[in-house]
Structures are given as C-alpha cells and as structure tokens.
Amino acid sequence: MLETARKALDKPPRWRPRPRSVALWLAAVAAGAMGAVAISAPAQAALRDGAAIQQGRFIGFAANAQLLCNNQASCTSGSNATYRNIAATEFNQVTPENVMKWETIEQNDDQYNFGPADGIVAFAQANGMKVHGHTLVWHSQTPGYVQGLSAAAMRAEMQEHIQALVGRYANNPTVVSWDVVNEAISDSNGQLRQSFWLNTLGPSYIADAFRFARQADPDADLCINDYGIDGINTKSNAMYNLVQSLINDNVPITCVGFQGHLQLNQIPSTLQQNLQRFADLGLKVRITELDIRIPLPSDQNELQQQAQNYATVVNACLAVAACQGITLWGIDDGNSWLPNSCCGNEGDALLWNANFQQKPAYAAVNTALGGGTGQVPGTPGTPTATNVTASSVTLTWTASSGTVTNYQIERATGATSTNFTQVGTSTTTTFTDTGLAANTTYRYRVRAVNSAGASPYSAIVNVTTTGGTGQVPGTPGTPTATNVTASSVTLSWTASSGTVTNYQIERATGATSTNFTQVGTSTTTTFTDTGLAANTTYRYRVRAVNSAGPSSYSGITNVTTSGGSTGGNCTYRIDAWNDGYVAYVTVFGPRSGWSMPFTIGANNTIINSWNAIISPSSGTNRTATNMSYNGNLSAGQSTQWGFQSTRPAGGPLPTFPDCTPE
Ligand code: G3I
C-alpha cells in the first residue's frame, strides 16, 4: 500500500482553498437548495481572496452556531443573516466557538448532541471552508460526571469521548484538524496546569489524548492550544519543552495553536521568532483565536492602532512558512466573548463593529493578506530633480491618491531612451539615485503600487549629471562564477584601479545575448545573483563607477545554472531533531511527470507526507512520484513535496541523489 495517507493526499500542509468564484457558486447552490441566506459578492475583495490565502494559508473565524445555523444540523438558516453572509464570503476556515466542547457534545454520559456541530460542518462544506475542531480535553466546560471519575474510568471516558467526536468526522475531508489538548500550561510558573485531568491521571493524560485522537482519525492535524504563549516567555518556554518531549516520545502531535487573545499595543515583539522556533521542531503552527481588545469606549485613534496591531500579527504568521493561517475569535464586536466574559471593560476586539461595519482592522488584515480594495493607486506627479551632482540626483513627486504600499522608481540612460529598469523603491515621495556617471543624461519615471497592482507611470523627467573632475576607474577583471546552484550564482572579480564608488553588475539571459540589464550593485568585488531559473545560461559583466563616471565593462562570463531534465533539477532541505526530521524537496520545471528516488534510515517511519506519492511503504529505498496536480511543470515553475519521519536513536538523514541541498 502507498504510504501517503488519505488526508495527506487531500490536505497537503498548505491546503488549497477553492477559488472564490467556485466558493460563491457553491454557496449560492447551497442557499438555493436549502432556502438559506442569499450570498452576495462583497463590493471589495474578500479576506479569503488575498494572495496569501490563494497560496495556501487560511483565514477563519470562530462560529456562533446560533447566529449561523440556529443550532441546527442542516444549517439552512441562522438567527443573523448579515453574520451568515459575512461568514460565507470572507473566510475559508471555521472553528466552532463552543459547540464541539465537551459540555455541548456530551453533557450527560453517552448522550451525544452533535446537531449544532454538524450544522457548522455542513456550512463549511457548502462554502468551501475547512473546519478546525475545538476542543477535546480541557479543564473548562467539562461536565461534573467526568471530573469525579477514578483514574481508570476517567481515561476510558476520555478515549470514548474522543473516539465518538473525532471518529464522527474522520472520513469527512472538511474537518481537518483538532485542538486535542487545550490550555494545559499553568499561567504562573511554567508547570502543567493543576486541573482535574492532571490531578487524577498525571501528566500522561496529554500523550494519551493525542494517541486516542490519532486512533480516531489517522491523518487529521492534532494540535495543542494555549493562550499567553504568543511571545517568548515563561509559559511559551514551558510549552516548547512540553511539545519537544511529546515529539521525543513519538506522541502524534503535529501542530501548536497560539490563541492570540491580545491587548491593544501589546503585540509581543517576539511573536514571529516564537512561531518559528516551534516550526523548527517540525510542527505546523497557527493563530487560533485572534482578537485585540481595546479599553472601552474605543476611539478612532485606538481603532487605527488596532489595525496596525492586526497587520503585525498577520505579517508574523505569513513570515513563517509553517504557519497555516489565522482564526479570528468571532466576526463582530457585538457577538464577541468580550467584554462580558473577560478582561474588565475591554472589547471592540474584532474586524467588524457591532453594526457589522468594517473597522480599520478589516482593511489592515485584508491588505496584509495580499487582498485590499481592488483599486490601484492614482498616477503620481512628475518627479522633479534636485541636488544633481556628478553621481547622484534626488527626485521628489506628489503623492498618488488611494492606498500606496510604495513607489517604484525607474531609470533609462540617454536623453531619448525608453529602456527603463527599476532602480529602487520608496515608501515616501522622494528618492535619491546614486552611482551615476558624470555628465550623462538619465530619464526617470515613478509609479505607485498597492496590493491591487500598480498605478500608471508618472510623466518622465530628464536629468543630466554634472561633469566629473577626476578619472573614471580602471576596467575590473572578468568575473568568475562560484557556488552555482539551480537558482543562484556568486561572482567575483579583481578590483578596478583608481577610486571606486561601487560596481554595477549586469546580466543577459542566453548564451549569446547582448541585452544586458543591471541586476545589482556592490561596494565589494563580489556579488551573489539569486532568483535564477534552473538549467539556464546567463552572461555577466561588471563595471566600476565613481563620481567621474563609469569604467569600461569587464569581459563577459557565461554561467549555466544547475538542474535540468537529467539528474538534478531539484533541491532539498532537512529540518532535523534528535529522533525525527522533516524533508522538503523542491522540483523545478520543465517536467511532464516526475519520479524521484531517495533513501531513508533503516528504522525510519514516515508519519506524514504531502504533494507526492511515496512507495514502497517500507525499506530504505523509496521513490516519490508526482500527484495528479503537480506533475506538469513548465520552465520557471516548481512544486514542493515533503515528508515527516522518525529516525530512532538519531539515525542517518535521508539522501536525495538527484537533488542538490538548498
Ligand atoms: O448558550 C448559553 C445560553 O443558553 C445561556 O442562556 C447562557 C447563560 O450564561 O450561556 C450560554 O452559553 C455560554 C456560551 O459561551 C455561549 O454564549 C456559556 O455560558 C459561556 O461560558 C460560553 O463562553 C465561552 C467560553 O469560551 C467558555 O466556553 C465563550 O463563548 C467562548 O468564546 C470562549 O472561548 C474560549 C476558547 O474556547 C478557549 N480559549 C479562550 C476562549 C475565550 O475564553
């Protein structure tokens, strides 16, 4: 049997959401078929349309089963149509806020109430979303009949409950992950929380819960979830040590949830670093319950600060490859757990206000996810040139209307040339261009960019640098290429004689092309060019510049990147720990189908794989073959597959004979 499990096939770590048009179609079909709320497209791009979401991250919300589905299993209506419409159109992931908790699912022993949970799962399925189950083992919201049991009976009750709940959705591809253990760490001292679970069963209750969940669903993501662990602190250190020991004990944990119940202007500065260190253990990470509360009543200033805080959190997640996505703990401020259940008089913590109007935080999250209003900025003013010297010029222009992420500044050399290349970006309306040749005419234009795209170009300004007084530098040596990989090359050359401000590095693509463009500058005699295509020949030349102008060009060096249809054409990276590792392999096009041998240690067990079929299911010699959706790669395209494996007693790491290390 192939080792790739069903949900590994369905759900690679970065599972793909349906395109929005399909999701809306599904929603409309569901609405029509069930008499449910009419789904209308929002005026601006929805959160789920953001580039980050299209590339595989999720954006989700905690669902109130009453507002969404009237607590019904069929979910044909909810008590709030506006809430329902936002839920259906803005998100591609949902966590039931309350109705998968023990007190709802099994208030009395063996009397199960799955209806409200089924409703949210049905809603998710109809609208192209994934469900994260919350939560199996928690010290809170667990009925008294469980808390009073003996150790043996409590453990058996835990297993039975997990089997019933997780097992119910194990074959449903909409339900992909679970909070298996919730809030197990104490707030104060970095120890395990003194709960009835710990007091009756001892620390092993955590590993037991994960093993029971894995028995019930062989391939769901299984998470430990907690609050107050968002930054690096005593509590998150305790969580780190806990998950490390669970991994060492082969407990089937695959993910850590950081709740993210945060306060205005108190976003931990170590958030990204903290997420990354857990990811470096080979685990997936996710922000599971994000809200950012404000002392009430909030004012406009605070709402703007809150928007920035939200962008900070989203950006931290996006900067970590293993961060699967973000779940907001509710949709609107009127139906949040805040301020009633917690934290004094603080609230207004979500993206929509109590009237379901979008707050500044909505736009900030939308932009951070790579979405936005869909409007490109207006055309910026024509640049004016000041401080013109023999080697530099300062440009200033009037701002574009609309939202601007930054401006791109382009330059052409010669009074009439239209051969513009970008020479820099600016987040303000000014830019100083340096390293110019003396007594030379340059042309400049700028345009503004935001998440929706680029504005039209400004008009062009011509600038002539002043005459230099000194000598231009001597001709530098012909560059030599080292460290040639499938995507990068390092160039070194002997220095020019004379004064050198910097060197300009130019590249042409193809073995004989003379169509050189500048790809960078260097103040040393070396430069690494990255982002290259595999198995492609490039030509490089350099020249030195000082205030008197540029030197002659060096000789030309041809370099062919590695990769290609024979041998290589793939790179790999291994994140290893004491007794396990995750391997990531990137396969480059052009390919029409691929098959890749690799070896693993004798006693290794592959516990999860994605984006490839691995066979045979045992032994040291294995082969990874493309899935149906990632076999055909054109030039410049790539796909990444990988797997997680044990390696008992720190055995050997895998080898990929066709591939080069990253
Ligand atoms: O539905 C009943 C209603 O019928 C009854 O009249 C009312 C009277 O109190 O209670 C209602 O249930 C409440 C439920 O929320 C739905 O509103 C419960 O009392 C109340 O305890 C429950 O609070 C939830 C809380 O967890 C405890 O389960 C919050 O909504 C929920 O947002 C909160 O979520 C937790 C996460 O699960 C774990 N992390 C922290 C997060 C915030 O506390």
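For ligands, and for the atoms within them, numbers begin at 1 and follow the listed sequence. Along the sequence shown, residues carry numbers from 1.
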Does some non-hydrogen atom of the protein lie less than 4.0 angstrom from [atom]?
atom                    : result
atom 34 (O) of ligand 1 : yes
atom 18 (C) of ligand 1 : no
atom 11 (C) of ligand 1 : no
atom 14 (C) of ligand 1 : yes

Subject >> Within 45° cone and under 6.0 Å: Arg168 NZ/CZ vs Phe114 ring >> reply: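 Output yes; distance and angle both within limits.
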
**OP:** Please determine if Arg573 forms a cation-pi arrangement with Tyr584, meaning its NZ or CZ atom is less than 6.0 Å from the six-membered ring centre and no more than 45° off the ring axis.
**Re:**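 Yes - Arg573 lies over the ring of Tyr584, closer than 6.0 Å to its centre and within 45° of its axis.
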
Subject >> Contact (N/O only, under 3.5 Å) between Asn182 and ligand 1 >> reply: no

**OP:** Tell me, please: is Glu183 in heavy-atom contact with ligand 1, that is, under 4.0 Å?
**Re:**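 A heavy atom of Glu183 does come that close to ligand 1.
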
Subject >> Centroid separation His132 to Trp178 less than 6.0 Å >> reply: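 No; Trp178 has its ring centre 6.0 Å or more from that of His132.
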
Original post:
Hey, is Asn64 touching ligand 1 through its side chain, its backbone, both or neither, going by heavy atoms under 4.0 Å?
Top reply: neither

Original post:
Is there a donor-acceptor contact under 3.5 Å linking the side chains of Gln66 and Asn71?
Top reply: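 Short answer, yes.
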
Subject >> Cationic N near anionic O, under 4.0 Å, Lys359 to Asp333 >> reply: yes

